[in-house]
S.K.: 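Structure in structure tokens, see below.
Model, not experiment: these values are computed from the prediction.
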Amino acid sequence: FRFTAIHLYPEPMSREQWMGAAHEGYTITSFAFEHMDIEVFGDTAVIHARYSQVASWDQNNLSNVFRLTDVWSRSAKGWQVVARHSSILG
């Protein structure tokens, strides 16, 4: 899993880095997937979503509207997200 959010951190984060940051003070008050387009290509899917949240991290306001792009892969265990890119729409 790779997570890229230039507005948070300039380099892609691993799952462990992202989960560590999330456990260290990331608070989501509310969130919504406002729109989602899903394209499936065999065992790969790409999801383009408009996402909004009211949130904070370590007392920094992270409330905003975002464009998310997720890449999912299907294996014998089912579907799993393998990459996410997040950009602020503002």
Side-chain angles (χ1 to χ4, degrees):
F1 175 82
R2 305 277 293 171
F3 177 71
T4 304
I6 301 301
H7 57 281
L8 295 176
Y9 189 72
E11 297 297 325
M13 290 181 267
S14 68
R15 181 183 192 281
E16 291 76 21
Q17 289 171 309
W18 172 241
M19 294 304 290
H23 284 123
E24 294 177 10
Y26 185 44
T27 303
I28 300 176
T29 303
S30 65
F31 71 93
F33 285 90
E34 298 173 357
H35 182 78
M36 192 177 296
D37 290 319
I38 302 169
E39 299 174 279
V40 179
F41 307 96
D43 291 331
T44 302
V46 178
I47 299 171
H48 303 281
R50 180 183 171 98
Y51 168 85
S52 62
Q53 70 179 21
V54 176
S56 63
W57 183 78
D58 194 26
Q59 299 185 9
N60 295 305
N61 184 10
L62 297 179
S63 302
N64 222 316
V65 179
F66 302 88
R67 171 68 62 205
L68 301 180
T69 302
D70 287 346
V71 178
W72 290 70
S73 178
R74 180 171 44 194
S75 68
K77 295 180 181 182
W79 287 98
Q80 179 178 358
V81 66
V82 295
R84 168 171 280 181
H85 182 274
S86 173
S87 297
I88 292 176
L89 288 177

S.K.: Does any pair with a residue in residues 71-90 pass ring pair (Phe, Tyr, Trp, His ring centres under 6.0 Å), and if so which ones, sequence neighbours excluded?
M.R.: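 Sorted pair list comes back empty.
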S.K.: Please determine whether side-chain contact (heavy atoms from CB on, under 4.5 Å) holds for the pair Q17 and F3, giving the CA-CA distance in whole Å, both sets of side-chain angles, and the decisive distance to 0.1 Å.
M.R.: CA-CA 9 Å; Q17 289 171 309; F3 177 71; over 6 Å; no
S.K.: Linking I/L/V/M/F/W/Y whenever any side-chain heavy atoms sit under 4.5 Å apart, do L62 and I88 land together?
M.R.: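 L62 and I88: one cluster.
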S.K.: Taking R74 for the side chain and A45 for the main chain, is one N or O donor matched with an acceptor at less than 3.5 Å?
M.R.: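 No, R74 side chain to A45 backbone: no donor-acceptor pair under 3.5 Å.
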S.K.: Give the cluster check for V65 versus M36: same hydrophobic cluster or not, with ILVMFWY residues linked at side-chain heavy-atom distances below 4.5 Å.
M.R.: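 Not linked; separate clusters.
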S.K.: Which pair of non-hydrogen atoms, one from Q53 and one from F66, has the smallest distance, and what is that distance?
M.R.: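 Scanning both residues, the minimum pair turns out to be CG-CE1, 3.7 Å.
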S.K.: Give, for atom OG1 of T4 and atom CE of M13, the distance between the pair rounded to the nearest 0.5 Å.
M.R.: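 Atom-to-atom, T4:OG1 and M13:CE are 7.5 Å apart.
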S.K.: Check whether any side-chain heavy atom of Q80 lies under 4.5 Å from a side-chain heavy atom of F1, and answer yes or no.
M.R.: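 Side-chain contact under 4.5 Å: no.
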S.K.: State, to 0.1 Å, how close E34 and S52 come at their nearest heavy-atom pair, and which atoms those are.
M.R.: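 Looks like OE2-OG, 2.8 Å.
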S.K.: Do S63 side-chain atoms and A55 backbone N/O form a donor-acceptor pair below 3.5 Å?
M.R.: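 Checking the backbone N and O of A55 against the side chain of S63, a donor-acceptor pair under 3.5 Å is found.
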S.K.: Assess whether atom CZ of R67 is packed by more than 12 heavy atoms of other residues, nucleotides or ligands within 6.0 Å.
M.R.: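 Buried by this count: over 12 neighbours within 6.0 Å.
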S.K.: Over 60° means perpendicular and under 30° means parallel, so classify the ring planes of F33 and F31, tilted if in between.
M.R.: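 Answer is perpendicular, since the angle exceeds 60°.
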S.K.: Return the OH to OG distance between Y26 and S56, rounded to the nearest 0.5 Å.
M.R.: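 One finds 9.0 Å between OH of Y26 and OG of S56.
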S.K.: What heavy-atom pair brings Y51 and L68 nearest, and what distance separates the two atoms?
M.R.: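 Heavy atoms only, the tightest pair is CB-CD1, 3.7 Å.
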S.K.: Does I38 belong to the same Ile/Leu/Val/Met/Phe/Trp/Tyr cluster as V82, with side-chain heavy atoms less than 4.5 Å apart forming each link?
M.R.: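 Not linked; separate clusters.
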S.K.: OG/S87 to CG/N64 distance, rounded to the nearest 0.5 angstrom?
M.R.: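 S87 atom OG to N64 atom CG measures 11.0 Å (nearest 0.5 Å).
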S.K.: Drop me the distance from R50's CZ to D37's CG, to the nearest 0.5 angstrom.
M.R.: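 Result: 12.5 Å between the selected atoms.
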